[in-house]
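Since the structure is predicted, the reported quantities are computational estimates derived from the model, not experimental observations. For reference, positions follow the sequence shown, starting with 1. Because only heavy atoms are used, hydrogens play no part in the values below, and waters and symmetry mates are left out as well, while side chains stay in.
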Amino acid sequence: TMRAREAALLTLTAMERRGAWSSGQLQKLIRDKGLDRRDAALATQLCFGVLQNQLLLDHYLQHYSTMKLKKMESKLRCALRIGLYQMLFLNKIPTRAAVSQSVELVKRHCKNPRAAGMANGILRNLARHLDNLPTLDRSDPLEYLSLLYSHPKWLVEALAQRLPEEELEALLRWDNGEPPVAVQVNTCRTTAEETAAALEAEGVSVTPHPWMPDCLLLTGTGDLSHRQAYLDGQFYVQDPAARLTVLAARLRPGMRVLDACAAPGGKSFAAAIDMEDEGEVIACDIHPHKKALIEAGVQRLGIHSVTAQTVDGRMFRPAWEGSFDAVLADVPCSGLGVLQKKPEIRYKDPQDWTGLPELQYDILENVSRYLCPGGTLIYSTCTLREEENEAVTARFLSAHPEFRRVGFPLPGPMGEVTAGETTLWPQRLGTDGFYLCRLQKEGAVR
């Protein structure tokens with residue numbers, strides 16, 4: 001309906017104007033406008049679909065528009081993208097409806113009185129040529145992939161350095177897919193079988209994850225936070241890749257663990273569950289409002305071993321020196337491993353990320369001081385750039401001979417990670433993209 005399209009339009013324009021996050025902005029609009037499940041699903045599909053295909057949509061729109069897209073007001077440009085996305089990708093929506101609804105959006109929301117006529121002309125022209133759109137130029141293979149999958153050329157080039165061609169295309173295709181919701185079962189309270197049964201009773205489709213223990217893949221969830229199994233603390237939402245970073249630490253009951261960049265809390269919950277809720281997990285984040293978020297999760301899951309604190313991971317706390325068995329450092333990063341969930345990251349200016357390796361190194365170096373002899377340090381990111389991953393841990397190791405990489409077993413296709421560091425590639429594993437490295441401090445394990 002119109003309300004779904006309006007929610008998508010307002011989200012996309014807020015992102016263009018203010019750099020708002022897609023999912024946060026969209027959820028807020030869905031709540032404010034009181035959209036039902038079907039409208040919420042359509043709004044989400046339109047918003048994510050446009051972001052995942054924006055370069056391709058703009059390429060065709062520009063071909064049929066006399067005015068430069070860059071010169072248009074933001075709402076006109078976004079309404080055109082929404083219209084064309086439906087025509088090209090949503091075969092359940094008739095072309096006529098896609099055109100007329102987009103023109104209606106422009107009428108309601110654009111200041112320029114001529115905008116609706118312009119939108120009508122461009123979209124009707126496209127509708128007439130849908131079966132014979134201009135073919136994409138294949139002479140430059142990376143340029144072609146960049147347009148086809150709407151990843152900026154610099155990003156395709158960077159990924160091409162690290163992957164063979166057929167895997168590169170598989171990754172770009174993955175980034176444009178629709179992720180199922182992965183949840184981890186709170187085994188301190190229930191079992192995977194009981195959680196699956198509880199969710200299925202509420203009409204959610206549940207598949208056990210193919211290789212991750214106590215992980216369920218959900219479709220048809222709607223808003224999960226209203227589900228009884230959620231309210232009862234039977235599970236929390238977390239991608240298998242993030243869960244693996246905690247599994248890699250091999251935590252045991254009774255340990256003292258620091259989660260240095262914890263929000264929204266998934267790794268701290270995972271740590272507590274791996275420790276059977278015996279021991280202590282201190283969950284830190286730099287943003288004060290995140291503390292309440294972590295605490296709400298701890299309360300809901302009925303976990304007793306986690307305490308949340310507001311702490312800057314770069315600032316040394318002498319009281320913590322040498323006092324933790326394990327430290328998890330899932331540092332702020334460029335996020336190129338989670339483009340499927342946050343498609344807008346691909347359009348960011350890579351210049352904005354130049355300071356990240358320094359920040360990541362500072363956090364790693366600082367939190368390494370909190371480990372007791374023989375303690376375990378996990379460094380992880382959800383990005384695929386070498387300068388934020390291998391380069392940071394290599395720099396750390398050359399400055400800290402008292403640390404070394406140690407191997408660890410992982411479930412499923414990864415098996416034993418003998419090198420002590422690995423990249424989890426989405427197109428190989430069907431998870432978010434992650435880098436993780438397990439470091440151990442010398443000395444007898446207590």
Side-chain angles (χ1 to χ4, degrees), residues 1-18 20 22-23 25-30 32-134 136 147-150 176 178 343-344 347:
T1 68
M2 211 44 207
R3 295 171 68 195
R5 290 173 174 85
E6 256 175 343
L9 177 73
L10 296 173
T11 301
L12 291 166
T13 46
M15 289 172 67
E16 279 206 349
R17 278 204 319 275
R18 300 199 303 274
S22 54
S23 44
Q25 183 68 24
L26 186 60
Q27 291 314 321
K28 185 181 174 311
L29 277 162
I30 286 170
D32 293 352
K33 291 188 175 295
L35 296 190
D36 65 20
R37 229 173 104 183
R38 270 192 45 204
D39 276 347
L42 178 59
T44 305
Q45 190 171 24
L46 292 174
C47 183
F48 275 66
V50 164
L51 290 168
Q52 288 176 333
N53 296 285
Q54 191 168 298
L55 299 181
L56 183 67
L57 296 171
D58 286 2
H59 175 75
Y60 290 133
L61 286 165
Q62 193 57 75
H63 192 85
Y64 290 97
S65 167
T66 48
M67 186 182 188
K68 281 267 181 275
L69 257 62
K70 284 191 191 69
K71 294 240 168 86
M72 293 176 183
E73 65 177 289
S74 180
K75 281 181 175 157
L76 172 57
R77 192 168 48 241
C78 291
L80 287 170
R81 288 169 181 160
I82 290 170
L84 181 56
Y85 171 72
Q86 293 169 82
M87 293 196 239
L88 291 181
F89 293 95
L90 300 187
N91 45 18
K92 288 200 179 108
I93 293 175
T95 301
R96 261 195 343 277
V99 173
S100 61
Q101 298 258 9
S102 294
V103 172
E104 183 57 33
L105 273 182
V106 173
K107 264 186 199 146
R108 286 187 197 182
H109 291 278
C110 289
K111 295 185 189 77
N112 181 347
R114 296 193 9 251
M118 198 189 306
N120 189 42
I122 294 169
L123 291 174
R124 286 181 62 168
N125 202 354
L126 271 155
R128 278 198 299 277
H129 293 96
L130 274 186
D131 295 330
N132 54 353
L133 290 172
L136 303 180
L147 251 188
L148 186 62
Y149 295 104
S150 294
N176 287 359
E178 210 175 314
E344 62 272 28
Y347 305 116

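- In terms of the side-chain hydrogen bond (donor to acceptor under 3.5 Å, both in side chains) criterion, R17 has no residue partners (sequence neighbours excluded).
- To the nearest 0.5 Å, the span separating CG on L61 from CE on M67 amounts to 13.5 Å.
- Every pair tested for side chain to side chain donor-acceptor pair (under 3.5 Å) that includes a residue from residues 61-72 fails, sequence neighbours excluded, so the list is empty.
- Residues that satisfy the side chain to side chain contact (heavy atoms under 4.5 Å, CB included) test with A41, not counting sequence neighbours, are absent from this structure.
- Sorted by first and then second residue, the pairs that involve residues 34-51 and meet side chain to side chain donor-acceptor pair (under 3.5 Å), not counting sequence neighbours, are T1-D39.
- Among residues two or more places apart in sequence or in another chain, the side chain to side chain contact (heavy atoms under 4.5 Å, CB included) test is passed with K33 by R3, L10, L29, L35.
- Not a single side-chain hydrogen bond (donor to acceptor under 3.5 Å, both in side chains) links Q101 to another residue, sequence neighbours left out.
- Contact check for L46 versus L12: no side-chain heavy atoms found under the 4.5 Å cut-off.
- A salt bridge (Lys or Arg N to Asp or Glu O under 4.0 Å) check over residues 99-122, counting only residues at least two apart or in different chains, returns the pairs E6-R108, E104-R108.
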Below 3.5 Å, can you tabulate the donor-acceptor pairs from side chains in residues 117-134 to any protein atom, sequence neighbours excluded?
unit_1 : atom_1 : unit_2 : atom_2 : d
N125   : OD1    : H129   : ND1    : 3.2
H129   : ND1    : N125   : O      : 2.8

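- At least one side-chain heavy atom of L105 sits less than 4.5 Å from a side-chain heavy atom of M2.
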Under 3.5 Å donor-acceptor pairs involving side-chain atoms of residues 76-86, not counting sequence neighbours:
unit_1 : atom_1 : unit_2 : atom_2 : d
R77    : NH1    : L69    : O      : 2.9
R77    : NH1    : M72    : O      : 3.1
R77    : NH2    : E16    : OE1    : 2.7
R81    : NE     : D58    : OD1    : 2.8
R81    : NH1    : E16    : OE2    : 2.7
R81    : NH2    : D58    : OD2    : 2.8
Q86    : OE1    : R5     : NE     : 3.1
Q86    : OE1    : R5     : NH2    : 2.8
Q86    : NE2    : I82    : O      : 3.0

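- Sorted by first and then second residue, the salt bridge (Lys or Arg N to Asp or Glu O under 4.0 Å) pairs involving residues 83-92 (not counting sequence neighbours) form an empty list.
- Annotation: side-chain hydrogen bond (donor to acceptor under 3.5 Å, both in side chains) contacts of D32 (sequence neighbours excluded): K28.
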Which atom pairs, one a donor and one an acceptor, fall under 3.5 Å between side chains of residues 47-57 and the rest of the protein, sequence neighbours left out?
unit_1 : atom_1 : unit_2 : atom_2 : d
Q52    : NE2    : D175   : O      : 3.2
Q52    : NE2    : G177   : O      : 3.1
N53    : ND2    : G49    : O      : 2.8

